[in-house]
Amino acid sequence: MSTALATQNGPDHEAIIIGAGVCGIYQVKTLTDMGMDAIVLDSAGDLGGTWYWNRYPGARFDSESYTYGYSFSRELLDEWHWKERFSGQPENLRYLNYVADKFDLRKYMQFNCKVEAAHYDEAENIWRLSLDDGRTLTCRYLIMGLGLLSQPTMPRVEGIHDFKGESFHTYYWPQEPVELKGKKVGIIGTGATAIQVIAEIADKVGSLTVFQRRPNWSAPLNNSEITEEEMADIRKRYDEIFANCAKSPGGFEHQPDRRGFWEVTREERLKLWDRLYDEPGFGIWLQNFREIFTDEDANAEISEYIADRIRQRVNDPAIAEKLIPKDHGFGVQRVPLETRYFEVYNRDNVELVDISETPLERVTEKGIRTSDREFEFDIIIYATGFDAITGAYDHVDIRGVGGQTLREKWFDSPSTFLGMFVHGFPNMLMPAGPQSGSASTNYPRGIETGVNWCTEFLKYFRDRGYTRFNATEAAEARWTSHVEKMYSTMLMRKAKSWFTGYNSNVDGHEAGKVRYFVYNGGSPKYVQRITEIAGNDYEGIDMTSDTPHSPRMPLQQMGDAAD
Ligand code: NAP
């Protein structure tokens with residue numbers, strides 16, 4: 001496509017969405033429904049985002065399936081049968097494909113094309129995208145559906161390429177079946193991903209060696225099948241279910257226990273925890289007393305309760321102690337949910353290697369060497385996490401006004417307006433960006449909110465003849481400081497997790513500096529705030545209009561001039 005021609009006659013497309021995951025699929029639907037020429041680009045071979053890539057054994061929702069699916073279409077809700085309360089990756093990918101096919105969205109999607117750069121052209125008021133297939137595409141609106149956990153990171157350890165067996169990051173788990181039977185397998189990491197993989201493969205492999213640097217608090221998923229009758233009941237309750245999600249801070253049906261932690265007796269607290277530990281999903285985390293997130297003593301008590309549950313499940317007391325986190329309390333990082341994870345360590349074919357005591361030295365041709373010994377493997381699995389939230393943005397060369405790079409602007413910590421706009425990056429929208437309502441909640445619930453809001457905003461903007469929007473510096477500064485302030489009351493600020501921008505494998509993201517990645521005010525407050533902003537004619541966002549032969553001026557003045 002000729003760029004010169006495209007810019008003379010207007011951009012190639014009105015909107016380009018990067019990413020064909022949960023966000024991009026819905027965003028392209030709403031924009032094309034309103035008659036916009038919008039396309040989606042994705043580096044993957046097909047749609048699905050997270051659920052396209054993460055094909056590792058055990059990958060499944062930690063949200064109740066029926067709260068994860070889209071809510072926008074009654075017909076879709078009535079047609080789809082979630083088979084499990086926490087559905088697995090193959091089914092989740094089938095669902096997203098079903099949605100795209102049902103609403104005929106594939107025709108807007110292009111795959112196997114990675115956007116390497118996106119530069120804002122001030123003179124033309126367009127975004128110019130460079131793709132790895134050599135094409136340049138232009139658009140008026142650049143919409144980011146990049147995902148929050150889509151930039152996997154490998155450990156910084158020597159010799160990774162020396163290994164002669166099979167090895168992969170969990171995100172890039174091969175599409176063709178991996179033969180595990182009888183194999184000697186090593187896995188690095190004990191985050192949410194590793195906890196799912198380990199529990200799933202321990203009884204299928206010959207031997208499994210788990211390299212743990214820091215343990216994670218984890219609680220039972222308590223998954224189950226959803227029968228036809230149960231699904232029929234869920235369908236009847238969908239309105240109520242989504243209303244409940246909208247009321248809860250996390251966007252789940254789980255509502256916090258609003259009694260004061262110290263106002264009830266210890267017996268009552270234990271009774272609640274005994275019940276929640278055996279219930280499905282995030283109840284033990286999100287239906288708990290709110291003080292566990294802010295009060296050191298309350299957090300210490302729930303942490304000790306969970307530690308005792310781990311001790312009850314692991315036969316060897318020394319191993320149990322190694323599996324209990326000592327550097328952070330329960331719930332200050334997103335809690336991995338597990339299915340018989342701790343019992344895995346009672347198996348004879350599973351070994352836990354504490355690499356905080358005997359650090360990884362290097363990967364060798366045959367396996368992994370720690371300071372203690374060399375381990376030989378057929379397969380090495382890297383479950384070493386993500387350059388979260390901003391990582392996917394950092395991997396595109398995004399330049400705004402005056403050539404400023406987003407990477408540099410966000411190096412210390414992201415700054416945004418509502419998690420959806422960045423000052424100096426006009427006509428760029430992030431329906432589920434850093435500091436938006438999505439990152440710390442039931443992701444699709446936040447995404448739908450963000451996509452709907454961005455769509456309404458673009459409608460408003462286009463209907464009035466505007467062509468350029470840019471969040472003001474002051475609005476961005478206010479929002480970013482609001483997000484930062486919320487961290488100050490949360491124990492999470494002390495945790496080394498992706499919520500605080502920690503990743504030991506990324507330069508400048510090591511421990512020591514908090515990055516303000518997530519909005520911690522909860523969904524209802526976030527929705528209230530963005531609704532107010534919309535109701536106040538999108539205050540905080542400058543909107544202007546280009547006319548072919550006149551300088552840019554606010555529309556108000558253009559009206560005055562016409563009079
Ligand atoms: P993660 O929580 O960041 O865990 C990464 C693990 O790798 C940690 O145990 C980390 O140890 C270890 N690690 C990283 N670099 C290492 C190194 N150089 N040497 C040794 N160990 C190293 O990543 P994740 O498990 O992929 O999970 C990320 C997020 O994805 C979760 O919080 C969750 O939101 C989401 N997720 C959701 C589900 C679901 O159920 N739907 C499943 C999986 C993931 P340290 O802790 O010491 O850094």
Side-chain angles (χ1 to χ4, degrees), residues 22 50-51 53-65 67-68 85-89 92 147-158 160 169-173 186-200 210-221 223 250 252 281-282 285 323 325-328 331-339 341 352-363 368 370 380-389 391 438-444 492 495-506 509-511 517-518:
V22 175
T50 290
W51 302 107
W53 289 108
N54 286 285
R55 293 165 190 247
Y56 62 82
R60 61 177 61 252
F61 290 151
D62 54 12
S63 312
E64 281 76 3
S65 310
T67 72
Y68 190 99
R85 193 171 181 117
F86 302 96
S87 171
Q89 177 271 335
N92 307 345
L148 301 170
L149 295 158
S150 51
Q151 194 61 50
T153 48
M154 294 290 278
R156 292 198 270 205
V157 55
E158 272 179 49
I160 286 176
H169 192 285
T170 44
Y171 189 75
Y172 296 121
W173 192 277
I187 179 164
I188 303 177
T190 46
T193 300
I195 284 172
Q196 288 185 330
V197 182
I198 291 165
E200 185 69 23
V210 178
F211 294 92
Q212 172 183 274
R213 189 165 61 183
R214 290 183 314 138
N216 244 293
W217 293 104
S218 184
L221 177 68
N223 193 16
F252 293 91
F282 277 135
W285 188 35
L323 292 167
K326 306 289 188 303
D327 69 331
H328 67 283
V332 305
Q333 297 178 183
R334 192 177 165 111
V335 175
L337 296 179
E338 44 85 22
T339 302
Y341 170 67
L352 180 67
V353 177
D354 183 345
I355 53 172
S356 70
E357 287 174 358
T358 54
L360 293 183
E361 284 193 341
R362 60 168 300 132
V363 178
I368 289 176
T370 66
I380 298 178
I381 301 169
Y382 296 94
T384 42
F386 297 89
D387 185 359
I389 309 270
S438 298
S440 58
T441 61
N442 188 1
Y443 194 37
M492 72 146 70
K496 286 188 197 165
S497 85
W498 64 265
F499 273 17
T500 52
Y502 162 78
N503 185 318
S504 70
N505 306 310
V506 180
H509 289 215
E510 301 88 350
F517 273 5
V518 299

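Counting starts at 1 for both ligands and their atoms, in listed order.
- In this pair, W217 and H328 present their aromatic rings perpendicular. The plane angle is above 60°, beyond the 30 to 60° band.
- At a heavy-atom cutoff of 4.0 Å, ligand 1 is surrounded by Y56, R60, F61, D62, L149, P155, I188, G189, T190, G191, A192, T193, Q196, R213, R214, R334, I355, A383, T384, G385, F386, W498, Y502, S504, N505.
- For E158, the side-chain contact (heavy atoms from CB on, under 4.5 Å) partners are R362, not counting sequence neighbours.
- Side-chain atoms of T170 never come within 3.5 Å of backbone atoms of A383 as a donor-acceptor pair (strictly under, hydrogens ignored).
- Checked against ring pair (Phe, Tyr, Trp, His ring centres under 6.0 Å), H509 has no partners two or more places apart in sequence or in another chain.
- Classification of the Y68-W51 ring pair by plane angle, with boundaries at 30° and 60°, yields perpendicular.
- Residues passing the salt bridge (charged side-chain N to carboxylate O under 4.0 Å, His left out) test with R214, sequence neighbours excluded: D327.
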